[in-house]
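All values derive from a computational prediction rather than experimental measurement.
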Amino acid sequence: MQKHTESLGFGMTSPMATKQPGLDVVVPFHVEALDTRGRMVLLGDVLDNILGRHDYPEPVARLLGEMTVLTVLLGTSLKFDGKFIAQAQTEGPVSLLVVDFTTPDAIRAYARFDAEAVATHIADGCDTPEELLGKGVLALTVDQGQYMNRYQGIVSLDGGSLEEIAQNYFRQSEQLPTRVRLAVARLQTRSADGQLINAWRAGGLMAQFLPESEDRIRQRDLHPGDAPEGVDVHVDDDDDDAWLEAEALVGTIDDDELVDETLGTHGLLFRLFNQRGVRVYDPIAVRDVCSCSDEKLVNVLASMTSEERREATQDGKISVKCEFCSTVREYDPSRFET
């Protein structure tokens, strides 16, 4: 089935000529004149619910929010049924970030951190994402199911931001010039009954240089010594004028714009690319859904030895809490004895 597309450029006076898709959606886009494709996301209740289940210090919540946005941008690009998992393991105060995206639209996330170390960093004013993560690795895993091999790419966490780390990953593993922008904020908004509340919002945009022009591809692949006289050969895609322009435009985005639901995805894309013409595709909705289940836990407990179940029993019950959604389930250990 062909995807519906709408143009937001070339003479349009306002992006409102097309319906804004709202919150908790990913909008794919294409700027043909710049051979640039990408995706933009604006998260509302999905992120607010994920972060609201845990008593995270605000800098930790912001960091997990950035990781969630990055995972949604990447996970919604999968063309098959499966999972995309982003996992950061670090030596810093925030030792673990895990975000799972299950196609076509389910996201879940959690963070593990040293509360005392985080509090010290906050008190010392050293609570940027880079300082909370420190050194470590970011693993990006594509899981296509039990009958297919997993693909995993790993990039070092070397003190850079998640934006920089993601860009390094694409440069190293896929050799695609990529620009990523991420922003997370806690904003004052109104609830359904009109009450003022503080709610988490996050936005992100990923743009990639994917040249389709035959002339550009041919020129890019030429060795400088093979180029006809008068033809300028760009050995590196990053030097292509079209990509330099696209990257510069993305670099003008303010954090406030990424989380502004009144501007919206279409409004921001129009502001960036209206002079070049930008085409948007059908939005992809994202849901806050955890894959934990009673059936899975029962199978795990049944596979344990009697001694392991006794060690896990407190006050006559085995209590299991999901790290993602914080759901607590209790079981009578006697049901597993035969």
Side-chain angles (χ1 to χ4, degrees), residues 23-26 41 43-56 60-61 64-65 67-89 94-113 138-154 200 202 284-338:
L23 298 174
D24 299 322
V25 295
V26 178
V41 63
L43 295 180
D45 288 346
V46 164
L47 184 68
D48 198 47
N49 291 337
I50 288 173
L51 298 181
R53 297 191 188 100
H54 305 272
D55 188 20
Y56 293 132
V60 177
L64 185 59
M67 188 83 151
T68 302
V69 171
L70 178 61
T71 304
V72 168
L73 287 171
L74 298 175
T76 51
S77 67
L78 297 181
K79 306 300 183 185
F80 49 82
D81 291 337
K83 273 190 175 185
F84 180 85
I85 305 163
Q87 181 170 313
Q89 293 181 299
V94 180
S95 58
L96 182 67
L97 296 170
V98 182
V99 186
D100 287 358
F101 181 88
T102 303
T103 58
D105 59 4
I107 190 77
R108 64 178 191 164
Y110 82 94
R112 190 177 298 161
F113 62 98
L138 173 65
L140 302 176
T141 303
V142 176
D143 185 350
Q144 301 182 62
Q146 59 178 330
Y147 302 113
M148 302 289 289
N149 291 330
R150 278 189 168 198
Y151 168 79
Q152 185 175 76
I154 297 177
W200 288 103
I284 304 165
V286 180
R287 298 184 301 139
D288 162 35
V289 179
C290 188
S291 60
C292 72
S293 69
D294 184 69
E295 180 182 1
K296 291 180 181 179
L297 288 173
V298 167
N299 289 337
V300 170
L301 293 173
S303 68
M304 297 169 62
T305 65
S306 296
E307 182 178 352
E308 288 172 332
R309 284 193 292 268
R310 281 196 297 271
E311 291 176 353
T313 301
Q314 292 184 349
D315 300 326
K317 298 286 185 182
I318 299 176
S319 181
V320 183
K321 181 179 180 179
C322 176
E323 291 186 288
F324 286 97
C325 67
S326 297
T327 299
V328 177
R329 295 179 173 88
E330 293 186 338
Y331 302 92
D332 185 339
S334 64
R335 69 180 287 188
F336 302 104
E337 303 299 334
T338 56

side-chain contact (heavy atoms from CB on, under 4.5 Å) between Val142 and Leu78, worked out: CA-CA 9 Å; Val142 176; Leu78 297 181; 4.3 Å; yes
Leu64/Val99 under side-chain contact (heavy atoms from CB on, under 4.5 Å): CA gap, chis, key distance, verdict: CA-CA 8 Å; Leu64 185 59; Val99 186; 4.2 Å; yes
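- Using a 4.5 Å heavy-atom threshold, the side chains of Phe80 and Thr103 count as separate.
- Here the OG1-CG distance, from Thr68 to Asp100, works out to 10.5 Å after rounding to the nearest 0.5 Å.
- Put simply, CD on Gln87 and CG on Leu97 are 9.5 Å apart, with the number rounded to the nearest 0.5 Å.
- Considering CG of Asp288 and CD1 of Ile107, their distance stands at 9.0 Å, rounded to 0.5 Å.
- When all heavy atoms of Ala111 and Val60 are compared, the closest pair comes out as CB-CG1, 4.0 Å.
- A pairwise comparison of heavy atoms in Ser319 and Val328 identifies OG-CG1, 3.5 Å as the closest pair.
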Verdict with supporting geometry, Asp294 and Tyr331, side-chain contact (heavy atoms from CB on, under 4.5 Å): CA-CA 10 Å; Asp294 184 69; Tyr331 302 92; 2.7 Å; yes
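- At a threshold of 4.5 Å between non-hydrogen side-chain atoms, the residues Ile318 and Met304 do not count as touching.
- The two residues Ser326 and His54 have their closest heavy-atom pair at OG-CE1, 3.3 Å.
- In plain terms, the two heavy atoms of Leu43 and Leu47 that are nearest each other are CB-CB, 4.1 Å.
- Between Ser291 and Lys83, the closest heavy-atom pair is OG-NZ, 4.1 Å.
- In this structure the side chain of Glu323 never reaches within 4.5 angstrom of the side chain of Leu96, judged on heavy atoms.
- Across all non-hydrogen atoms, the minimal contact from Ala285 to Val25 is CA-CG1, 4.0 Å.
- Note that the CG atom of Leu140 and the OH atom of Tyr151 stand 8.5 Å from one another [nearest 0.5 Å].
- Formation of a donor-acceptor pair under 3.5 Å by the Arg309 side chain with backbone atoms of Leu301 is found in this model.
- Side-chain atoms of Asp24 never come within 3.5 Å of backbone atoms of Val286 as a donor-acceptor pair (strictly under, hydrogens ignored).
- Atom CG of Asn299 sits in a crowded spot, with more than 12 heavy atoms from other residues, nucleotides or ligands closer than 6.0 Å.
- No donor-acceptor distance shorter than 3.5 angstrom exists from the side chain of Thr141 to the backbone of Gln152, with no hydrogens or angles considered.
- Residues Asp45 and Leu23 form no side-chain contact, since every pair of their non-hydrogen atoms from C-beta on lies 4.5 Å or further apart.
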Stepwise side-chain contact (heavy atoms from CB on, under 4.5 Å) test for Phe324 and Val98: CA-CA 9 Å; Phe324 286 97; Val98 182; 3.8 Å; yes
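- Rounded to the nearest 0.5 angstrom, Cys322 SG and Arg108 CZ are separated by 6.0 Å.
- If you take CG on Leu73 and CZ on Phe84, they are separated by 10.0 Å, rounding to the nearest 0.5 Å.
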